[in-house]
Amino acid sequence: DTVSLEEGLTAAEESRDDGHDTEQRFKSVMSQVNLLPEMCREIFLMSRMEGLSHKEIAEILEIAPKTVENQIGIGLKKIREGLGIGG
């Protein structure tokens with residue numbers, strides 16, 4: 001789970017030969033991130049953009065590490081669905 005947001009989702013999208021460059025794919029991913037519910041988006045960005053661990057995020061937000069894990073999973077699922085990526 002230490003792959004950056006751009007690396008992970010760009011790699012997933014590369015399986016589709018849609019001709020978009022990396023910058024466009026990143027913009028597409030970020031547009032989906034911005035559609036996430038507030039708490040999910042905040043946790044997702046703390047993890048993927050700031051590189052914080054689940055434990056660090058849990059301590060900052062005063063929530064359970066399992067909640068962090070669940071919210072990241074929900075975020076990834078919604079982003080993939082929004083981009084039309086299977087998984």
Side-chain angles (χ1 to χ4, degrees):
D1 284 345
T2 59
V3 173
S4 75
L5 177 65
E6 184 175 0
E7 290 170 335
L9 292 172
T10 297
E13 266 203 331
E14 283 175 351
S15 64
R16 295 178 10 198
D17 187 22
D18 56 9
H20 287 103
D21 64 7
T22 301
E23 183 178 348
Q24 183 58 45
R25 281 181 287 214
F26 185 71
K27 287 179 182 179
S28 296
V29 168
M30 290 309 297
S31 71
Q32 293 302 313
V33 169
N34 289 330
L35 295 175
L36 295 174
E38 184 178 348
M39 175 71 98
C40 185
R41 180 177 60 245
E42 181 178 5
I43 290 170
F44 190 85
L45 290 173
M46 290 173 83
S47 171
R48 296 306 197 254
M49 299 298 278
E50 297 177 33
L52 298 176
S53 71
H54 293 184
K55 182 180 179 193
E56 290 169 325
I57 296 167
E59 289 173 0
I60 291 167
L61 298 179
E62 299 180 349
I63 58 176
K66 188 67 175 172
T67 301
V68 173
E69 183 179 329
N70 290 340
Q71 289 295 306
I72 291 170
I74 290 167
L76 282 170
K77 182 178 182 210
K78 288 180 179 280
I79 290 166
R80 286 184 182 122
E81 287 171 355
L83 294 172
I85 300 171

*Are more than 12 heavy atoms from other residues, nucleotides or ligands located less than 6.0 Å from atom CD of Glu38?*
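At most 12 heavy atoms, drawn from other residues, nucleotides or ligands, come within 6.0 Å of this atom.
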
*To the nearest 0.5 Å, tell me how far Leu83 CG sits from Ser28 OG.*
6.5 Å

*Quick one: CD on Gln32 to CD on Glu81, what's the gap to the nearest 0.5 Å?*
9.5 Å

*asked:* One pair to check against side chain to side chain contact (heavy atoms under 4.5 Å, CB included): Leu36 and Lys78. What are the steps and the verdict?
replied: CA-CA 8 Å; Leu36 295 174; Lys78 288 180 179 280; 3.7 Å; yes

*Start with the C-alpha gap between Phe44 and Leu76, add the side-chain angles, then the distance that decides, and say whether side chain to side chain contact (heavy atoms under 4.5 Å, CB included) holds.*
CA-CA 8 Å; Phe44 190 85; Leu76 282 170; 3.6 Å; yes

Answer yes if [X] and [Y] sit in the same cluster of Ile, Leu, Val, Met, Phe, Trp and Tyr residues linked by side chain heavy atoms under 4.5 Å apart, and no otherwise.
X	Y	result
Met46	Phe26	yes
Val33	Leu35	no
Met30	Ile85	yes
Leu45	Met39	yes

*Distance-minimising heavy-atom pair for Cys40 and Ile74*: SG-CG2, 4.2 Å

*Listed by chain and number, what are the salt bridge (Lys or Arg N to Asp or Glu O under 4.0 Å) partners of Lys55, not counting sequence neighbours?*
none

*asked:* Applying salt bridge (Lys or Arg N to Asp or Glu O under 4.0 Å), can you list everything that pairs with Glu42, at least two apart in sequence or on another chain?
replied: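 Once residues adjacent in sequence are excluded, Glu42 has no partner under the salt bridge (Lys or Arg N to Asp or Glu O under 4.0 Å) criterion.
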
Contacts table for residues 59-73: side-chain donor-acceptor under 3.5 angstrom, sequence neighbours left out:
{"residue": "Asn70", "atom": "ND2", "partner": "Lys66", "partner atom": "O", "Å": "3.3"}

